[in-house]
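Take a look at the structure below.
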Amino acid sequence: MVFHPRASRLSLVSLVSLAIVLSLAMEATAQSSASPSSGETAPDAFFDNVSVDIVNVEVFVTNKKDQPVAGLSPESFELFVDGKPTPLTNFYAESGGQVVTLGPGAESQSEVSEDSVAPGEIKPEAQRLHLLIFADNRHLRGPSRKKSFKALREFLENQLDPADEVAVASLGSALEFRSDFTSDRVFLNRVLGEVEKGGSPEPGLAIERQRIFNDIQTDLAFSGATRQLFSRIKLVAQSEYTRGKASVEALGAVVDSLAGIRGRKAILHVSDGISTNPGEAMYLALAERAGNSDPDYANDIGAYDLLRDFQELARRANAAQVTFYSLDAEATKNSFARSADYSGGVENSVRTTALEAAESNNRAPLELAAVDTGGRRIQATGRLTQQLSKIANDFATFYSLGFRAPEASSKEKHRIEVKVKGKGLRVRHRQAYEDKDADRRSGDAVLATLLYNTTNSDLGVTLEPLAPQAKGDNLHLLPIRVKIPLSRVAFLPQGDEQSAQLSFFVAVKDDKGNPRPVQKVPFKLRIPSSQLEDVEGRTADYELPVVLHEGDRQVAIGVRDDIGGISSTLRLELPEG
């Protein structure tokens with residue numbers, strides 16, 4: 001028999017080791033008659049795997065005018081997983097930010113009407129929105145910066161639900177997590193103001209790109225100019241590729257950091273665009289003007305292509321269940337190429353082809369990430385606020401379709417397809433989801449708690465930091481007392497004792513905001529069977545000595561009941577000095 005007052009399932013946990021970077025030991029104290037021990041589960045302690053994972057997919061339905069469509073029922077949707085029709089296990093809908101639920105007289109979800117909507121319904125935790133605004137200062141120039149940040153402030157103040165939680169991150173010389181998730185709009189406006197003041201990208205590359213386009217029209221009459229221009233194009237392409245790759249890697253890190261957050265998750269990327277192939281437009285202009293192409297293009301310029309990086313970004317976003325949105329802050333691209341130098345004659349065909357390539361390269365990668373995750377890419381215009389309202393509509397009117405995940409198979413990634421019944425209706429949703437084992441989920445949750453303070457108290461764990469001890473070499477030992485309520489732990493009989501299997505997960509962040517990888521430590525908890533019915537109000541207390549580096553500012557600890565499948569994650573602020 002399994003003793004667990006709050007357990008709704010049993011789960012078989014694969015004890016997969018995570019990267020061990022922190023120096024962490026575990027010291028158990030025998031309090032409350034609990035006898036803990038570290039190590040793997042004993043051979044005679046067996047618990048069965050009867051866990052059931054429910055996957056929820058956000059679905060956005062619009063009409064031909066791109067307006068949100070509400071009032072659909074479960075019967076309006078068809079769901080396919082890996083090409084196979086899959087029944088829905090649960091259905092949730094919001095319209096204009098209001099929860100659509102069954103009221104008196106409605107016998108099925110398909111009968112929902114205005115009379116059957118329960119006004120003021122509290123949103124479940126699984127449907128609370130967490131939006132992260134990511135300002136890419138490496139690809140956000142001054143002229144578009146001011147307009148974009150003004151529109152973002154109006155978006156937060158007037159278009160977003162006041163209860164929605166928002167965090168801010170930025171990329172300049174380094175990736176910075178600027179805030180925890182919060183609904184405090186005054187604080188968020190202040191953070192956005194600090195990010196707006198951040199440095200714009202160096203103008204050198206933009207100036208050299210402009211010079212190359214101009215020189216293509218004048219220098220080709222000179223012997224050897226084609227080869228020289230080709231070399232200059234290669235240098236610019238290489239530099240822009242390196243900058244773009246750093247941005248995509250930072251985006252991937254931010255996406256991964258959101259994986260452990262409960263509820264709906266979205267990221268709004270703000271930039272002037274990131275070119276998939278930054279050398280292609282210049283090369284096409286040169287090839288058409290010169291009347292030939294270079295046989296080394298594929299190796300010298302065509303190799304600087306970020307398409308696979310963006311495909312990987314979309315995969316990671318789907319794995320983290322994050323919807324990707326992109327605000328392209330520059331209304332027009334390559335405005336310098338629209339000057340009088342490019343009007344008429346041969347130059348006009350060069351301008352047209354090159355601009356089309358440049359526009360496609362800036363649009364395609366961010367659209368790819370948005371389309372694959374069910375999001376949107378919008379481009380700044382004179383009515384940027386109206387463009388942002390399309391994103392606000394997604395957050396306020398949507399459907400959530402739940403289905404039972406297929407049984408474990410050899411592949412982790414699963415394709416999703418949703419069809420909607422109705423003339424002229426269009427549907428957007430993420431294209432895939434990935435299986436994750438319990439350790440990856442717990443690691444994700446601890447990392448999210450470390451970076452955004454998204455705590456979880458299901459297991460009722462509390463933390464108490466004790467007096468730190470200097471260890472030399474700028475290291476300190478911080479004992480942290482972890483208290484686990486015995487009444488919330490699932491026990492299995494093992495001889496004359498009751499045994500529980502639990503795991504610690506620990507991560508630390510330094511004063512620059514950089515987290516170190518999560519470390520896992522499994523351990524056992526044993527109590528005499530005679531005390532099983534007398535655990536209310538008692539705790540198992542442990543002291544975790546965590547080794548900290550000079551400058552560490554925060555530590556997050558997660559405790560998971562491997563049998564009961566519930567956990568707690570908490571964050572501690574560390575004193576300076």
Check whether any side-chain heavy atom of Asn393 lies under 4.5 Å from a side-chain heavy atom of Phe60, and answer yes or no. no
Where do His130 and Tyr452 land on the side-chain contact (heavy atoms from CB on, under 4.5 Å) test, with the steps shown first?
-> CA-CA 11 Å; His130 293 82; Tyr452 307 111; over 6 Å; no
Quiz item: Is there a donor-acceptor pair closer than 3.5 Å between any side-chain N or O of Thr86 and the backbone N or O of Lys84?
Solution: yes
(message) Any heavy-atom pair between the side chains of Tyr325 and Leu131 that's under 4.5 Å?
(response) no
Exactly one candidate in Lys150, Arg153, Arg190 meets salt bridge (charged side-chain N to carboxylate O under 4.0 Å, His left out) with Glu196; the answer is Arg153
Between Leu132 and Leu258, the two heavy atoms sitting closest are CD1-CD2, 4.1 Å
Before you tell me yes or no, could you show the steps for Val255 and Phe134 under side-chain contact (heavy atoms from CB on, under 4.5 Å), namely the whole-Å CA-CA distance, both residues' side-chain angles and the distance that decides it to 0.1 Å? CA-CA 10 Å; Val255 163; Phe134 180 68; over 6 Å; no
query: Are Tyr283 and Tyr304 close enough that their ring centres sit under 6.0 Å apart?
result: no
Q.
So His429 and Leu401, do their side chains get closer than 4.5 Å, heavy atoms only?
A. no
> Is any side-chain heavy atom of Gln159 less than 4.5 Å from a side-chain heavy atom of Glu154?
Replying inline: no
**OP:** Evaluate side-chain contact (heavy atoms from CB on, under 4.5 Å) for Phe403 paired with Val57, printing each intermediate quantity in order.
**Re:** CA-CA 8 Å; Phe403 64 92; Val57 180; 3.6 Å; yes
For Ala237 and Met282, the nearest pair of non-hydrogen atoms, with its separation, is N-CE, 4.5 Å
- Query: Ion pair present between Arg363 and Asp328, side-chain N to carboxylate O less than 4.0 angstrom?
  - Reply: no
- Item | Backbone of Gly244 reached by a side-chain donor or acceptor of Arg138 within 3.5 Å | no
For Ala250 and Leu175, the nearest pair of non-hydrogen atoms, with its separation, is O-CD2, 4.1 Å
* Asked: Does the side chain of Pro278 come within less than 4.5 Å of Arg209's, by heavy atoms?
  -> yes
Checklist entry - Any side-chain heavy atom of Val166 sitting closer than 4.5 Å to one from Ile133? => result yes
Only one of Lys265, Arg316, Arg440 passes salt bridge (charged side-chain N to carboxylate O under 4.0 Å, His left out) with Asp256, and that residue is Arg316
CD of Glu58 to CG of Leu129, rounded to nearest 0.5 Å, is 8.0 Å
To the nearest 0.5 Å, atom CD1 of Ile261 lies from atom CD of Gln321 at 12.0 Å
query: For Val55 and His414, what are the C-alpha separation, side-chain angles and deciding distance, and is it a side-chain contact (heavy atoms from CB on, under 4.5 Å)?
result: CA-CA 11 Å; Val55 180; His414 302 273; over 6 Å; no
Compile the donor-acceptor pairs under 3.5 Å between side chains in residues 364-374 and protein atoms, sequence neighbours left out, one pair per line.
unit_1 : atom_1 : unit_2 : atom_2 : d
Thr373 : OG1    : Phe324 : N      : 2.9
Thr373 : OG1    : Ala369 : O      : 2.9
Thr373 : OG1    : Ala370 : O      : 3.3

Any Thr385 side-chain heavy atom under 4.5 Å of Leu388 side chain:
no
Quick one: do the Asn56 and Tyr92 side chains pair a donor with an acceptor below 3.5 Å?
-> no
Lys/Arg cation over aromatic Phe181: Arg128, 6.0 Å, 45° cone
no
Please determine whether a side-chain nitrogen of the Lys or Arg among Glu312 and Arg315 lies less than 4.0 Å from a carboxylate oxygen of the Asp or Glu.
yes
Can you check whether Tyr433's main-chain N or O pairs, donor with acceptor, with Asn318's side chain at less than 3.5 Å? no
Distance col, row Asp180:CG vs Gln554:CD, nearest 0.5 angstrom, shows 7.0 Å
One should read off an interatomic distance between Leu205 CG and Ser239 OG, to the nearest 0.5 angstrom, of 5.0 Å
| said: Checking Asn137 against Arg145: is there a side-chain donor and acceptor pair closer than 3.5 Å? | reply: yes
Smallest heavy-atom separation, Leu251 atom then Ile267 atom, equals CD2-CD1, 3.9 Å
One should read off an interatomic distance between Asp164 CG and Phe395 CZ, to the nearest 0.5 angstrom, of 8.0 Å
Quick one: does Thr454's side chain get under 4.5 Å of Arg262's, heavy atoms only?
no
Rounded to the nearest 0.5 angstrom, the OG1-NZ distance for Thr242 and Lys245 is 9.0 Å
Nearest heavy-atom contact between Ile212 and Ile233 is CG2-CG1, 3.8 Å
Checklist entry - Just by modelled atom types, is the Val168 backbone N or O under 3.5 Å from a matching donor or acceptor in the Ser179 side chain? => result yes
Between Ser275 and the options Asp305, Leu306, Asn361, the side chain to side chain contact (heavy atoms under 4.5 Å, CB included) test singles out Asn361
For Arg178 and Val191 the tightest heavy-atom approach is CB-CG1, 3.7 Å
ask   = Is there a donor-acceptor pair under 3.5 Å between the side chain of Thr449 and the backbone N or O of Arg571?
value = no
Checking Arg185 against Glu157 for the salt bridge (Lys or Arg N to Asp or Glu O under 4.0 Å) test, could you report, in this order, the C-alpha distance in whole Å, the side-chain angles of both residues, the deciding distance, and whether it holds? CA-CA 7 Å; Arg185 299 299 189 256; Glu157 185 67 27; 5.8 Å; no
